[in-house]
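Convention: sequence-line order gives letters A, B, ...; per-chain numbering from 1. All of these numbers come straight from a predicted model, not from anything done at the bench.
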Amino acid sequence: MSAVRTPRRPVSATLLRGNAAAVARRLIGARLVHHSPEGLTVGRILETEAYLSSGDPACHAQRGPTARNASMFLAGGHAYVYLIYGVHQCFNVVTGPAGAGEAVLVRALEPLEGLELMRARRGVTRDRDLCSGPGKLACAMGLGPEQDGASLLEGALLVCPPERHWRRPTIDVGPRVGIAKAVALPLRFRARGTPWCS
DNA sequence: GCAGGGATTTTCT
DNA sequence: GAAAATCCCTGCG
């Protein structure tokens, strides 16, 4: 095993800004880095879902800003973290532009660094269960209300490019999960052939 | 291994 | 009052 190097440089702002479906596809392979007070955790994004600002009744922004979804209307490159079912946190990458209300839900990560901290936060036995779902990865990465509205291009929480040697997998496209409206839209993106997805 | 239900906040009807 | 971008535990095969 070669030593793991913690990524330091975030992706360019343009990668996180634009049509949410395009950003959702581009995010596959990128690394999510969180320097929390408890320690460092890093995970590779392997599954995403796009939520569009128009023509998408499943999108939280569809009915305008509220106290909960306010950060979804920030410019691309910010985090939108919200509580679902009164229990779990869901982490999104806002894709902007400011005022649009468009974002990408991150659904699964491959744990790369800080696995001991992730296990402690999650309390599970199998590493496959650490980040294989939106609520799971938010817990493992220590993401909550404090990260809602935070920049992903500077600070403690960063989206960084894949390693140069990382080989891009085939990306499967399909319907989104857990929604009742606009179920058929092909806005879910998944890396093929990994054990880390939901 | 799989189906069923509970937890608990925000929002809308 | 009910559903929601979910997860986990229980009971049963």
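- Remark: the A:Glu47 side chain and the A:Ser198 side chain contain an N/O donor-acceptor pair separated by less than 3.5 Å.
- Nucleotide C:dC8 has B:dG5 as its partner under the Watson-Crick or G-U criteria, with both atom distances under 3.5 Å.
- When the side-chain nitrogen and oxygen atoms of A:His60 are compared with OP1 and OP2 of B:dT11, none of them lie within a distance under 4.0 Å.
- Remark: the separation of the C1' atoms in C:dA5 and B:dA3 is 22 Å, to the nearest Å.
- For a distance-only test at 3.5 Å, the side chain of A:Tyr82 qualifies as a donor-acceptor partner of the base of C:dA5.
- In this structure, A:His88 places its NE2 atom 15 Å from C1' of B:dT10, rounding to the nearest Å.
- Going from atom CE of A:Met72 over to atom C1' of C:dA4 covers 14 Å, rounded to whole Å.
- Taking atom CZ of A:Arg68 as the reference point, atom C1' of B:dT10 lies 5 Å away to the nearest angstrom.
- In this entry the distance linking CZ of A:Arg107 with P of C:dC7 reads 7 Å, nearest Å.
- Across C:dC8, C:dA5, B:dT8, the shortest atom-to-atom separation from the side chain of A:Arg122 is found for C:dC8.
- Separating the C1' atom of C:dA3 from that of B:dG5 is a span of 16 Å, rounded to the nearest Å.
- Nearer to the 5' terminus of DNA chain C, by closest-nucleotide assignment, is the contact made by A:Gly178 (compared with the other of A:Gly178 and A:Asp129).
- Figure legend: cation-pi geometry between A:Arg176 and A:Tyr51, with NZ or CZ positioned under 6.0 Å from the six-membered ring centre and within 45° of its axis.
- The main-chain N or O of A:His60 is found under 3.5 Å from a side-chain atom of A:Asn69 such that the two form a donor-acceptor pair.
- In this structure, A:Tyr85 atom OH and B:dT8 atom P are separated by 16 Å, rounded to whole Å.
- Residue A:Leu130 contributes atom CG, which lies 14 Å from atom C1' of C:dC7 at whole-angstrom precision.
- Checked by atom type and distance alone, the side chain of A:Asn92 pairs as donor or acceptor with a backbone atom of A:Tyr80 at under 3.5 Å.
- The distance between atom CD of A:Gln89 and atom P of B:dT8, rounded to the nearest whole Å, is 14 Å.
- Pairing for C:dA3 goes to B:dT10, judged as Watson-Crick or G-U wobble with the two contacts each under 3.5 Å.
- Donor-acceptor pairing under 3.5 Å is recorded for the side chains of A:Arg121 and A:Ser36.
- For A:Leu105, whose side chain is taken as the heavy atoms from C-beta onward, the closest listed nucleotide among B:dT13, C:dA5, C:dA4 is C:dA5.
- Contact annotation for A:Leu83: backbone-only contact, meaning every heavy-atom pair under 4.0 Å involves sugar-phosphate atoms and none involves a base.
- Of the candidates B:dA7, B:dT11, B:dT13, B:dA7 carries the atom nearest the A:Val87 side chain, counting heavy atoms from C-beta on.
- Here the P atom of nucleotide B:dT8 and the CD1 atom of A:Ile84 are 16 Å apart, to the nearest Å.
- With B:dA7, B:dC12, C:dA5 as the candidates, the nucleotide lying closest to the side chain of A:Tyr80 is C:dA5.
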